[in-house]
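Below: the structure, in structure tokens.
Residue numbers run from 1 in the order of the sequence given. Start at 1 and go down the list; that is how both ligands and their atoms are numbered.
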Amino acid sequence: MLDPFGRHITYLRVSVTDRCDFRCVYCMAEDMAFLPKAEILSLEELDRLCSAFIAKGVNKLRLTGGEPLVRRDVMKLIRGLSRHLETGALDELTLTTNGSQLSRFASELAACGVRRINVSLDTLDPEKFAAVTRWGKLEKVLAGIDAAQAAGLAVKINAVALAGINEDEIPELLAWAHGRGMDLTLIETMPMGEIDVARADQYLPLSRVRERLEARWTLIDSPWRTGGPARYVDVKETGGRLGFITPLTHNFCESCNRVRVTCKGELFMCLGQDDRADLRTPMRASDGDELLSAAIDEAIARKPKGHDFVIERARPRPAVARHMSVTGG
Ligand code: SAM
Ligand code: SF4
């Protein structure tokens, strides 16, 4: 799949549910309205959709959400999709998770051929963790990370940089992650969806974080790229890798290789734009995949050049109305 700007689309991120057992302050409002069950693709439909993209050249698949591991019987889907690893069509099957259910699922994930996972964790302070996630328990997530590493999964930690919340703690988070052999990626808050707090109060530019980290460590720019928005440095003293995702201070769209599907089968060609294509209707319209395949082609042909996120006090509305939990980040 080649888009109008010559970018090869080889990476699909699928949100398998919009539900979650946490209510992170930058992601969701506390009383979120979720989709009625009838709107959501069945596990069989999710498999069919992913397989259609794999047949068209997707070689990396990431399951996300909402929280992917709270979807009922999600392991059935993952086990099924792992057949594409066995045939070699898929290079990587992975997921992004809040870690709350990892104790239960880590070894089964490893058995399905999952090699690496991203775990979102913004703070190591139990009280702050409870405040940021509203409903989460830090010890459960830490136990999940232990289980994942014990099962042989490589874990990358993703942390959203939040002014006045984890700002002072980021050096400690880095030392902890690298001390356990886990890479760390820092993310700026993106203006997606109505939340209960002001985004401008949360926004912490990573340029500021980087300056503080440089007071303690030697950061060496790394050529490492994943085709995604992160830019990496190697931390000389720890030997670990640190990523920065800076949608607001750095535009990463020129190398974008990915598209996203929601749990109701909407294809988003860009995380920061509203244009989407309905894949559920063509999929349900026939048993064969011709209509689905044509709808995918038509959508890729209009993948936009990039997003235009801004966070300003004068512009309190989010850049896109949907929450990150709809497309999975
Ligand atoms: N529930 C899983 C988790 O938290 O890892 C997967 C879905 S979550 C939406 C994916 C990632 O998006 C998480 O790392 C989360 O911190 C990040 N995220 C959510 N809302 C965000 C926002 N408004 N700006 C930046 N990152 C956000
Ligand atoms: Fe749930 Fe992930 Fe959003 Fe937090 S960031 S509310 S864990 S979907």
Side-chain angles (χ1 to χ4, degrees), residues 13-32 34-35 62-71 74 94-102 105 116-123 129-138 140-141 144-145 148 155-163 165-166 173 177 183-206 209 228-230 243-249 252 258 260-263 268 271-272 307 309-311 317-329:
R13 301 169 68 110
V14 180
S15 172
V16 299
T17 176
D18 61 337
R19 288 161 197 258
C20 188
D21 52 344
F22 291 3
R23 291 286 181 281
C24 301
V25 291
Y26 46 77
C27 181
M28 293 191 179
E30 188 150 22
D31 61 337
M32 287 284 286
F34 294 108
L35 291 166
R62 177 178 300 276
L63 305 184
T64 173
E67 173 46 41
L69 295 180
V70 302
R71 169 99 196 225
V74 71
T94 184
L95 71 161
T96 299
T97 172
N98 65 22
S100 69
Q101 311 297 314
L102 272 178
F105 292 124
R116 305 186 301 163
I117 54 170
N118 289 355
V119 179
S120 304
L121 176 65
D122 305 322
T123 170
F129 187 85
V132 170
T133 61
R134 292 194 186 105
W135 296 2
K137 292 251 183 312
L138 178 65
K140 237 176 133 185
V141 173
I145 293 172
V155 176
K156 180 164 79 78
I157 302 293
N158 282 342
V160 177
L162 298 160
I165 298 179
N166 62 4
L173 203 56
D183 288 341
L184 172 70
T185 292
L186 301 172
I187 310 173
E188 280 176 352
T189 52
M190 299 176 218
M192 300 185 67
E194 296 285 355
I195 52 175
D196 303 325
V197 288
R199 292 230 182 248
D201 293 340
Q202 297 180 341
Y203 176 58
L204 172 61
L206 289 183
V209 175
F244 295 94
I245 299 185
T246 55
L248 299 153
T249 53
F252 50 76
R258 60 199 59 196
R260 297 170 166 84
V261 174
T262 69
C263 59
F268 281 90
L271 182 63
H307 64 72
F309 285 138
V310 224
I311 292 179
R317 303 232 78 81
V320 292
R322 64 181 191 280
H323 290 88
M324 189 71 101
S325 52
V326 173
T327 33

Protein-derived N, O or S atoms lying less than 2.8 Å from atom 1 (Fe) of ligand 2, waters not counted, sum to 1
Q. Does Leu35 offer a backbone N or O that forms a donor-acceptor pair with the side chain of Arg19 under 3.5 Å?
A. yes
Val160 heavy atoms within 4.0 Å reach ligand 1 at atoms 16 (O), 26 (N)
**Prompt:** Do Asn158 and ligand 1 have an N or O pair less than 3.5 Å apart?
**Reply:** no
Measure from the side-chain N and O atoms of Asp18 to the backbone N and O of Phe34, and report whether any donor-acceptor pair falls under 3.5 Å. no
N/O of Asp122 under 3.5 Å from N/O of ligand 1, yes or no? no
* **Heavy-atom donor-acceptor pair, Arg134 side chain to Met28 backbone, under 3.5 Å** => yes
Steps toward side-chain contact (heavy atoms from CB on, under 4.5 Å) verdict (Val141, Asn98): CA-CA 7 Å; Val141 173; Asn98 65 22; 5.5 Å; no
* Would you say ligand 1 has an N or O under 3.5 Å from any N or O of Met190? -> yes
Ligand 1 atoms nearer than 4.0 angstrom to some heavy atom of Gly65 are 7 (C), 9 (C)
Note: ligand 1 atoms sitting under 4.0 Å from heavy atoms of Glu67 are 1 (N), 2 (C)
Apply side-chain hydrogen bond (donor to acceptor under 3.5 Å, both in side chains) to residues Thr97 and Glu67 and explain how you reach the verdict. CA-CA 6 Å; Thr97 172; Glu67 173 46 41; 2.7 Å; yes
Please say whether Thr97 places an N or O atom under 3.5 Å from an N or O atom belonging to ligand 1.
yes
With sequence neighbours left out, the residues meeting ring-ring contact (aromatic ring centres under 6.0 Å, His included) with Phe244 are none
- request: Look only at the side chain of Glu188 and the backbone of Leu206, and say whether a donor-acceptor pair between them is shorter than 3.5 Å.
  value: yes
**Report entry** Side chains of Pro68 and Thr96 in contact at under 4.5 Å (non-hydrogen atoms)
**Finding:** no
Between Ile157 and Ile145, does a side-chain contact (heavy atoms from CB on, under 4.5 Å) hold up when you go through it step by step?
CA-CA 10 Å; Ile157 302 293; Ile145 293 172; 3.9 Å; yes
Between the main-chain N or O of Arg116 and the side-chain N or O of Thr94, is there a donor-acceptor pair closer than 3.5 Å?
yes
Any heavy atom of Thr64 under 4.0 Å from ligand 1? The part involved is side chain
Note: ligand 1 atoms sitting under 4.0 Å from heavy atoms of Thr189 are 24 (N), 25 (C)
Handout entry: Contact check, Met28 vs ligand 1, heavy-atom distance below 4.0 Å
Key = no
**OP:** Consider every N or O of Tyr26 and every N or O of ligand 1, then say whether any pair is closer than 3.5 Å.
**Re:** yes
Is the shortest distance from a heavy atom of Gly66 to ligand 1 less than 4.0 Å? yes
If we number the atoms of ligand 1 from 1 as shown, the ones under 4.0 Å from a heavy atom of Thr96 are 2 (C), 5 (O), 6 (C)
Discussion item. Less than 4.5 Å apart, side chain to side chain, heavy atoms only: is that true for Thr123 and Ile165?
Written reply: no
Per-atom filter on ligand 1: closer than 4.0 angstrom to a heavy atom of Glu188 are 24 (N), 25 (C)
Under 3.5 Å, side chain of Asn166 to main-chain N/O of Val160, donor-acceptor pair present? yes
Numbered in order shown, the ligand 1 atoms found under 4.0 Å of a heavy atom of Cys27 are 19 (C), 20 (N)
Any heavy-atom pair between the side chains of Arg260 and Leu271 that's under 4.5 Å?
yes
